[in-house]
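Beneath this line is the structure, given in structure tokens, with notes to follow.
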2 protein chains.
Amino acid sequence: MRIATFNVNGIRAAERRGFPGWLAERTPDVLAVQEMRCPSGEVPDVFAGYHLVHDAGMIAGRNGVALATRTAPSAVRIGFGSKEFDREGRYVEVDLDPADGPLLRVASVYVPKGGTPFEDEASLAKMQRKFRFLRSFARHLSATRREAAREGREFVVMGDWNIAPTELDLRNWRTNRRSEGFLPEEREWIAGIQSPRTLVDVVRHHRHGEDGPYSWWSWRGKAFDNDAGWRIDYQLATPRLARSAIVTGTDRDLSYDTRISDHAPVVVDYDV
Amino acid sequence: MRIATFNVNGIRAAERRGFPGWLAERTPDVLAVQEMRCPSGEVPDVFAGYHLVHDAGMIAGRNGVALATRTAPSAVRIGFGSKEFDREGRYVEVDLDPADGPLLRVASVYVPKGGTPFEDEASLAKMQRKFRFLRSFARHLSATRREAAREGREFVVMGDWNIAPTELDLRNWRTNRRSEGFLPEEREWIAGIQSPRTLVDVVRHHRHGEDGPYSWWSWRGKAFDNDAGWRIDYQLATPRLARSAIVTGTDRDLSYDTRISDHAPVVVDYDV
DNA sequence: CCTACAAGG
DNA sequence: CCTTATAGG
């Protein structure tokens, strides 16, 4: 079973840049998408063969998450019960009851970007907003994971977390110690929602100790060519599922002429 | 002597679309440009070999007129003495004293678009504004033409007039009788500033009685392919100069792969 | 159906 | 250095 997460940075732009070819070659069973940046009525016809659950949110041209699944969802949830964040297109969650595999709950999340809190008022406000999201979202994760467990479901929540968890997860960690996305409080939070008995960072578990693989590179300069990236997209899975991963990585190495997005897809093959 | 006028619809976009190749092939002695849509500091380096007089105006990303001349101007004027319109990047005028030809005054104008006055308040206001421009501009034309005459200068004022003068000047004139750009009052105005002793529409004089040649086609649909265009860009010249025209036309027929702009250049070779 | 700009990343 | 939205054409 192949599960992928991909911040496409605008599904309409991604279509032009080769998303359909990527999907045809990789054909994940489940694909979590972030930054659709597209009204539901204008999503290009690139998810043929999938059941698509899409929350565009209410802010035109921004955010937007989706789940494309080969199996039809048996339940769908949009948002995670937050008054502040549920209408922004940041979270969708579906249950899957496939004929030939374990019961599953999968989720696609797009964590807000913060601001560098030392810069100005607006940046500080953005960072505080990010932490409000994180606190609220942690409660939901805990609850939905437990509920999934009671139903005998494995659970995988994936997306763009906008946090690099450790020094292994960004190329220039020394210069970014005070940068948004690598602040101590953010790293504490992402560590705090993981444990060997609750949720496991699948790629890191499978490729522990190595640098990267990064999933995002700035468009500017030669960040991509120099692999000066960040690993901010990942899949957190329940332990049994996480340990079943047999191939993990990003599609940075796949031979596509054009970069589809500033993020690379994060793809995991689970042996279930 | 070759004189051209070209509404480039954004000089930066025009550069990408082949403007440098066009200029290299046509090499007018004088080029009037409209809709530069570009701050003066960011004009691409496409006018090498020309003296460039550019008024970007104060509205970011809109309007902007220029004159590119092989001869260095002996005088430059920006605007035509209108409080309302002089800072919008709609008029530049220069005097040229070439070694090998007549004394000249040349001008580049971008007449405001109106609105269809039967539609709504905003459209009516735009049309009224256009007429305020026209009334004020007519006074300037009359004065500057006389001044040029006193100095022994021929005068040519050219640009995007946003008025099709007669039924010969737009493909679908029947359906556009109540459209902005072909209103009776607009046609009266453009007729009123012309006469065999003052200013002459050079292309129309040289190719009188024929349909077109059009200089603008909507980007939408197949307007260009069907030649469903308007002749709204033209050169008005003092009679002696106008009668000296030996080749007149637009570059609609030149074999360029891409349309540089929604307007075509209007090029006249004067035998002086 | 293009052009710019603006705001967000 | 990309994306989208928006106003203007």
Side-chain angles (χ1 to χ4, degrees), chain A residues 7-17 19 34-39 42-43 56-64 88-89 110-116 122-123 125-126 129-130 160 162 179-181 216-225 228 230 232-233 258-263, chain B residues 7-17 19 34-39 42-44 56-64 88-90 110-116 122-123 125-126 129-130 160 162 179-181 216-225 228 230 232-233 258-263:
Chain A
N7 179 322
V8 295
N9 190 30
I11 190 64
R12 287 169 292 187
E15 183 192 21
R16 294 193 297 271
R17 290 169 162 274
F19 178 89
Q34 302 83 41
E35 287 209 81
M36 291 285 285
R37 304 182 68 174
C38 186
E42 294 179 31
V43 173
M58 53 168 192
I59 315 176
R62 300 244 293 285
N63 312 331
E88 290 193 359
Y110 178 47
V111 172
K113 256 191 99 63
T116 305
S123 302
K126 279 174 141 187
R129 186 165 200 276
K130 181 173 183 175
D160 177 354
N162 268 317
S179 300
E180 97 92 354
W216 174 82
W217 305 262
S218 170
W219 289 112
R220 301 176 213 193
K222 292 195 252 302
F224 186 75
D225 294 343
W230 296 51
I232 57 178
D233 302 87
T258 54
R259 262 173 100 183
I260 296 173
S261 162
D262 51 347
H263 296 251
Chain B
N7 178 322
V8 295
N9 190 30
I11 190 63
R12 286 169 292 189
E15 184 193 21
R16 295 193 296 272
R17 290 169 162 274
F19 178 89
Q34 303 83 38
E35 288 210 80
M36 292 285 284
R37 304 181 68 172
C38 185
E42 293 179 31
V43 173
M58 55 168 191
I59 314 175
R62 300 244 293 284
N63 312 333
E88 289 192 359
R90 295 194 175 272
Y110 178 47
V111 172
K113 255 190 100 62
T116 306
S123 302
K126 279 173 140 187
R129 186 165 201 276
K130 182 173 183 174
D160 177 354
N162 268 317
S179 299
E180 97 93 351
W216 174 82
W217 305 261
S218 169
W219 289 113
R220 303 175 212 192
K222 293 196 251 303
F224 186 75
D225 293 343
W230 296 51
I232 56 179
D233 303 86
T258 53
R259 262 174 98 184
I260 296 172
S261 162
D262 50 348
H263 296 251

| request: Output all residues satisfying side chain to side chain donor-acceptor pair (under 3.5 Å) with B:N162, sequence neighbours left out; order by chain, then residue number. | output: none

| Contact class for A:D262 vs. all strands (heavy atom < 4.0 Å): base, sugar-phosphate, or nothing? | nothing

| Starting at CH2 of A:W216 and ending at P of D:dT3, how long is that distance when rounded to a whole Å? | 15 Å

| said: Could you work out, with salt bridge (Lys or Arg N to Asp or Glu O under 4.0 Å) as the rule, every residue matching A:R62, not counting sequence neighbours? | reply: none

| Any side-chain N or O of A:R12 less than 4.0 Å from the OP1 or OP2 oxygen of D:dA5? | yes

| What pairs with B:R90 under side chain to side chain contact (heavy atoms under 4.5 Å, CB included), at least two apart in sequence or on another chain? | B:N63, B:E88, B:Y110, B:P112, B:F133

| message | Please report the distance, rounded to the nearest Å, between CD1 in B:I59 and P in D:dT6. | response | 21 Å

| query | Side chain of A:R62, base of D:dT4: donor and acceptor closer than 3.5 Å? | reply | no

| request: Figure out the NE2/P separation between A:H263 and D:dT3, and round it to whole Å. | output: 13 Å

| query | For A:A56, which residues count as a side chain to side chain contact (heavy atoms under 4.5 Å, CB included) partner, sequence neighbours excluded? | reply | A:S40, A:H54

| query | Taking any atom under 4.0 angstrom from a heavy atom of chain B, which nucleotides of DNA chain C are the first and last to qualify, 5' to 3'? | reply | C:dC1 to C:dC5

| said: Taking any heavy-atom pair under 4.0 Å as a contact, classify B:K222: base, sugar-phosphate, or nothing. | reply: nothing

| query | Between atom CD1 of A:I11 and atom CD of A:E42, what is the distance when rounded to the nearest 0.5 Å? | reply | 13.5 Å

| 5' precedence on DNA chain D between A:W219 and B:N162 (nearest-nucleotide basis) | A:W219

| field | Atom-pair distance (CD on A:E35; C1' on D:dT4), nearest Å | value | 10 Å

| message | I'd like to check the side chain to side chain donor-acceptor pair (under 3.5 Å) partners of B:E180; sequence neighbours left out, ordered by chain and number. | response | B:K113, B:K130

| message | Rounded to whole Å, how long is the line connecting atom CD1 of A:I260 with atom P of D:dC1? | response | 21 Å

